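We number each residue from 1, following the sequence as shown. Atoms considered below: every heavy atom in the structure, side chains included; atoms not considered: hydrogens, waters and symmetry mates. Because the structure is a prediction, the values reported are computed rather than measured.
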Amino acid sequence: MANQGVVTSMLVFRIFGLLALAGSVALMAPNHFTDSGGVETTFKDVIAYRYVLATAVIGAAYILVQLPFAIYYACTKKRMIRNGCLPEFDFYGDKLISLILATGVGAGFAISFELKRYIDDDLIEFHIPLSEDDKSKSIKFLNWGIISAGLLALGLVCMVIVSVLSSINRNSSTRGGFFK
């Protein structure tokens with residue numbers, strides 16, 4: 001049986017992580033702009049932004065699956081499934097989701113800062129200078145991408161903390177390795 005503080009902390013960080021990932025999705029999904037030529041650009045046009053959204057959705061779905069088990073464990077101090085499988089699933093699942101979220105954060109920040117540099121240097125559109133209005137719309141579009149990636153990073157931090165706590169929880173609730 002794990003320390004009640006560890007179990008409660010895991011639940012709290014899962015909830016904060018879910019909120020951060022939901023915020024990332026809520027900011028990325030409506031992100032778009034229309035330039036002076038009437039061409040609309042959405043997050044779907046930037047592959048890295050689609051990846052950011054996908055990782056946030058995958059992370060949120062994982063947390064939603066884990067949340068009932070975490071709530072039950074925090075309230076009753078017992079596992080819903082008592083065969084030792086859940087600590088293992090928490091341990092490996094939390095690590096995998098943390099890695100997936102980390103790649104999404106990297107992709108989101110990398111594309112946003114790189115494209116902002118190109119827009120600031122007038123290097124985009126085959127060296128055709130952008131109008132100031134198009135520049136400001138593009139910068140705003142990329143800033144929303146940065147904010148969304150930042151919320152994804154906050155979700156990542158929460159999941160990394162949960163991952164460390166699930167390691168502690170796994171070690172205290174199981175004796176021996178994966179195969180008993």
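Side-chain contact between T55 and Y51: present, with at least one pair of heavy atoms (C-beta onward) separated by less than 4.5 Å. A heavy-atom distance below 4.5 Å is not found between the side chains of T34 and T41. With contacts defined as side-chain heavy-atom distances shorter than 4.5 Å, the pair K137/D35 does not qualify. Two residues are said to be in side-chain contact when any heavy atoms from C-beta on lie closer than 4.5 Å; V7 and K77 fail this criterion. Within the 4.5 Å cutoff, no side-chain heavy atoms of Y49 are placed close to those of W144.
Rounding to the nearest 0.5 Å places OH of Y73 at 10.0 Å from OG1 of T8. The CZ atom of F141 lies 14.0 Å from the OG atom of S136; values are rounded to the nearest 0.5 Å. Distance check: I71 CD1 to Q66 CD gives 11.5 Å after rounding to the nearest 0.5 Å. Between the CD atom in E40 and the CG atom in D45 there is a gap of 8.0 Å [rounded to 0.5 Å]. Once rounded to the nearest 0.5 Å, the distance linking CD1 of I97 with OG of S163 reads 11.0 Å. We find the CG-CD1 distance between L152 and I146 to be 13.5 Å, quoted to the nearest 0.5 Å.
The hydrophobic clustering, which links ILVMFWY residues whose side-chain heavy atoms are closer than 4.5 Å, places L154 and V57 apart. Residues L165 and V65 fall into different hydrophobic clusters, defined by Ile, Leu, Val, Met, Phe, Trp and Tyr side chains chained together at heavy-atom separations under 4.5 Å. Residues V160 and I58 fall within the same hydrophobic cluster, defined by Ile, Leu, Val, Met, Phe, Trp and Tyr side chains chained together at heavy-atom separations under 4.5 Å. Tracing side-chain contacts under 4.5 Å through hydrophobic residues (I, L, V, M, F, W, Y), one reaches L115 starting from V52; they form part of the same cluster. Grouping the Ile, Leu, Val, Met, Phe, Trp and Tyr side chains by contacts below 4.5 angstrom, directly or via other members, places V46 apart from I147.
Around atom CZ of F16, no more than 12 heavy atoms belonging to other residues, nucleotides or ligands sit under 6.0 Å away. Surrounding CD1 of I47 are at most 12 heavy atoms belonging to other residues, nucleotides or ligands under 6.0 Å away.
Partners of A60 under the side chain to side chain contact (heavy atoms under 4.5 Å, CB included) rule, at least two apart in sequence or in another chain, are L18, L21. K95 pairs by the salt bridge (Lys or Arg N to Asp or Glu O under 4.0 Å) definition with nothing, not counting sequence neighbours.
With 3.5 Å as the limit, one finds no donor-acceptor pair spanning the side chains of S166 and Y92.
Nearest heavy atom pair, residue F91 against residue S167, reads CE1-OG, 3.3 Å. Taking both residues in full, the closest heavy atoms of Y62 and D90 are given as OH-O, 3.8 Å, listed atom of the first, atom of the second, then distance. Contact between G108 and I111 at its shortest, heavy atoms only, is O-CG2, 3.6 Å. The two residues F33 and S138 come nearest to each other via the heavy atoms CZ-OG, 3.5 Å. Closest non-hydrogen pair, D94 versus S98, comes out as O-OG, 2.8 Å. The minimum heavy-atom distance linking I63 with G17 is given by the pair CD1-C, 3.9 Å.
Panel note: side chain S24, backbone S148; a donor-acceptor pair is recorded below 3.5 Å. A donor-acceptor pair is defined here as one N or O able to donate and one able to accept, closer than 3.5 Å; no such pair exists between the side chain of S112 and the backbone of F109.
Counting only residues at least two apart or in different chains, salt bridge (Lys or Arg N to Asp or Glu O under 4.0 Å) contacts with residues 46-73 are absent.
Note: F113 and Y118 fail the aromatic proximity criterion, with ring centroids not under 6.0 Å apart.
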